[in-house]
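Just the heavy atoms: all of them, side chains too, but no hydrogens, waters or symmetry mates, feed the values below.
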Amino acid sequence: MTREQLTREIKERARALGFHGVGVTDVRPLLEDEARYHRWLREGRAADLQYMWASASVRAHPARLWPEARAILVLAVNYYSGDFDPLPRGHGRIARYAWGRDYHDVIPARLRRLVAEIERLAARPVRARWFTDAGPLLERALARRAGLGRIGWNACVITETFGSWAFLSEVLLDLELVPDPEETRACASVFACRRFCPTGAIGSDGLVDARLCLSYHTIENRGVIPPSLRPKLGEWLFGCDICQDVCPHNARVPITDWPEFHPEAGVGKTLALANVLAIASDEEFRARFRGTAVRRAKRRGLLRNAAIVAANTGYGEAIPALRRLVGEDPDEIIRGHALWALHVLDPVGSRPLLERARRDPHPFVRREAEWALEGRGSADVATAAVADPEDAQRA
């Protein structure tokens, strides 16, 4: 079988296994993308994502990651499973990618099947390494070079058929394959993603500043969400889809045929804030969200986010739960954010708790109490709302 025939057959098998986008590229270094990546790191836009620094020397060099690689199969799966419904009172929104089962758990099984098919086609044992958003590679740059799509101003890969609602995977192979032409078109957006981002996280250079990104803060950030950003979370309990929702490339996208990514397969489109605030332990959290992407936030992050969303949406019914968290929860991040939310929801009734919190064993909680008593906490909310009311409404 020729290289051309083998490449064609592999693509057909990948599509038969359900992959919606299939491209091939080589293992040459991604030098221009590497320069942008290192600038993003140097300028601090990676926030505290230390693993981005740890793998910086190999991300643009597939051959450094695995010297045996001769070609890279880049695959895309459409995960779009519909629009949001009107938000029920007392709920927070979940980003679409997390509605169903965790793609890290779902996609690798089909990658293993694909590698087995490739071995049959090659008629020899094939050495391979595969990743689904977990390998130290500049996967969006590889997807562009494999012809799967352009890279948008919001740094997402935009495919022709299903826009930016795509999970990417890479299979490094010890086979010689025929590379696809690189996608050279620029993003055709009218900068809607930049205009509608409630925090201004998307730079004019197409690099996203994690320090301002709601997805980073609600998922990756394990600590304090800055007071000035808390009102910008709006209804977002986990992740944020704003820059993709407003993208014109996403105007007409088919529903995915992977049932694992539909909302009924996982946590769904929203979560009830009362249920989240009632999660009493890490064990309970893990049991509740096992097999879903929401587990990445951990109990600390999700309860912190729920407290903020309760305040942003005026959900006064959360006040008893917030009081309990302030008084009893062992996690200082949860206590401090619950204290902030209480002050927003009930500035008068929360004052005795604020006074007691001045003696909290953790300095972060004491600082939140002092700020609230000085009027700085409520001032931050008011300033954010007045500064750009349209942003607050969009969020």
Side-chain angles (χ1 to χ4, degrees), residues 47 82-99 154 192-202 208-221 224-247 250 263 267-277 293-294 296-297 301-319 321-322 333-334 336-347 377-395:
D83 292 327
F84 281 99
D85 301 320
L87 187 70
R89 178 167 174 75
H91 282 237
R93 293 196 187 282
I94 305 295
R96 282 181 183 82
Y97 92 91
W99 286 1
N154 61 357
C193 55
R194 290 187 60 208
R195 293 201 319 273
F196 284 91
C197 177
T199 63
I202 302 171
V208 176
D209 192 334
R211 295 168 298 185
L212 296 172
C213 178
L214 298 187
S215 284
Y216 161 77
H217 279 293
T218 57
I219 301 172
E220 300 285 352
N221 180 2
V224 177
I225 294 181
S228 60
L229 291 183
R230 294 171 196 172
K232 300 291 188 180
L233 263 67
E235 303 164 344
W236 290 102
L237 179 61
F238 182 89
C240 175
D241 279 342
I242 293 173
C243 68
Q244 297 192 84
D245 276 328
V246 301
C247 177
N250 290 336
V267 300
K269 302 179 181 183
T270 68
L271 286 172
L273 300 177
N275 293 343
V276 172
L277 293 171
V294 173
R296 186 166 183 82
L302 198 65
L303 269 68
R304 173 201 61 191
N305 300 346
I308 295 173
V309 172
N312 290 343
T313 56
Y315 185 53
E317 292 91 329
I319 288 175
L322 294 169
I333 295 297
I334 294 173
H337 288 82
L339 195 66
W340 178 88
L342 273 175
H343 177 59
V344 173
L345 289 169
D346 186 15
S378 56
D380 283 330
V381 176
T383 300
V386 170
D388 193 343
E390 291 185 3
D391 277 353
Q393 184 178 6
R394 286 192 298 267

Okay, side chain of Asn250, backbone of Gln244: is any donor-acceptor separation there less than 3.5 Å? yes

Among Val344, Val309, Val224, find the one that has a side chain to side chain contact (heavy atoms under 4.5 Å, CB included) with Arg230. Val224

Check Arg304 against Ile225 and note the closest heavy-atom contact, atom names and distance. NE-CD1, 3.5 Å

Examine Phe238 together with Trp99 and report whether their ring centres are nearer than 6.0 Å. no

Working note: Phe196 + Asp245, criterion side-chain contact (heavy atoms from CB on, under 4.5 Å); need CA distance, chi angles, decisive distance, verdict. CA-CA 10 Å; Phe196 284 91; Asp245 276 328; over 6 Å; no

Verify ring-ring contact (aromatic ring centres under 6.0 Å, His included) between Phe84 and Trp236, making sure each step is shown before the conclusion. CA-CA 12 Å; Phe84 281 99; Trp236 290 102; 5.6 Å; yes

Short question: side chain of Asn305, backbone of Gly301 - any donor-acceptor pair under 3.5 Å? yes

Search all heavy atoms of Leu277 against all heavy atoms of Ala307 and return the closest pair with its distance. CD2-N, 4.0 Å

Is there side-chain contact between Ile308 and Trp340, with heavy atoms separated by less than 4.5 Å? yes

State, with a plain yes or no, whether a side-chain heavy atom of His337 is found less than 4.5 Å away from one of Ile333. yes

For the backbone of Cys240 and the side chain of Ser215, can you confirm whether one donor and one acceptor N or O come within less than 3.5 Å of each other? yes

Considering all heavy atoms, the nearest Tyr315-Leu273 contact: CD2-CD1, 4.0 Å

Ion pair Arg96/Asp83, N-O distance below 4.0 Å: yes

Between Leu271 and His91, is the side-chain contact (heavy atoms from CB on, under 4.5 Å) condition met? List the steps. CA-CA 5 Å; Leu271 286 172; His91 282 237; 5.7 Å; no

Hey, does Glu235 have a side-chain heavy atom less than 4.5 Å from the side chain of Thr313? yes

Are any non-hydrogen side-chain atoms of Cys247 and Cys193 less than 4.5 angstrom apart? no

When you look at Lys269 and Ile94, which way does the side-chain contact (heavy atoms from CB on, under 4.5 Å) test go after all the steps? CA-CA 5 Å; Lys269 302 179 181 183; Ile94 305 295; over 6 Å; no

Can you tell me how far apart CD1 (Ile334) and CG (Leu322) are? Round to the nearest 0.5 Å. 11.5 Å

Please evaluate residues Thr199 and Cys213 with respect to the criterion side-chain contact (heavy atoms from CB on, under 4.5 Å), reporting the C-alpha separation (whole Å), side-chain torsions for both, the decisive distance (0.1 Å), and the verdict. CA-CA 7 Å; Thr199 63; Cys213 178; 5.8 Å; no

Measure across Ile202 and Cys243 and return the closest heavy-atom pair with its distance rounded to 0.1 Å. CD1-CB, 3.9 Å

With sequence neighbours excluded, residues passing side-chain hydrogen bond (donor to acceptor under 3.5 Å, both in side chains) with Asn275: none

Looking only at heavy atoms, what is the nearest atom pair of Tyr216 and Ala210, with distance? CD2-O, 2.9 Å

Using a 4.5 Å cut-off on heavy atoms from C-beta on, say whether the side chain of Cys197 contacts that of Ile242. no

Shortest non-hydrogen pair, Thr270 vs Leu87, comes out as CG2-CD1, 3.5 Å

What residues, two or more places apart in sequence or in another chain, satisfy side-chain hydrogen bond (donor to acceptor under 3.5 Å, both in side chains) together with Asn221? His217

Asp346 side-chain N/O to Ile319 backbone N/O, donor-acceptor pair under 3.5 Å: no

Sidechain-backbone polar pair: Thr218 side chain, Gly239 backbone, donor-acceptor under 3.5 Å: yes

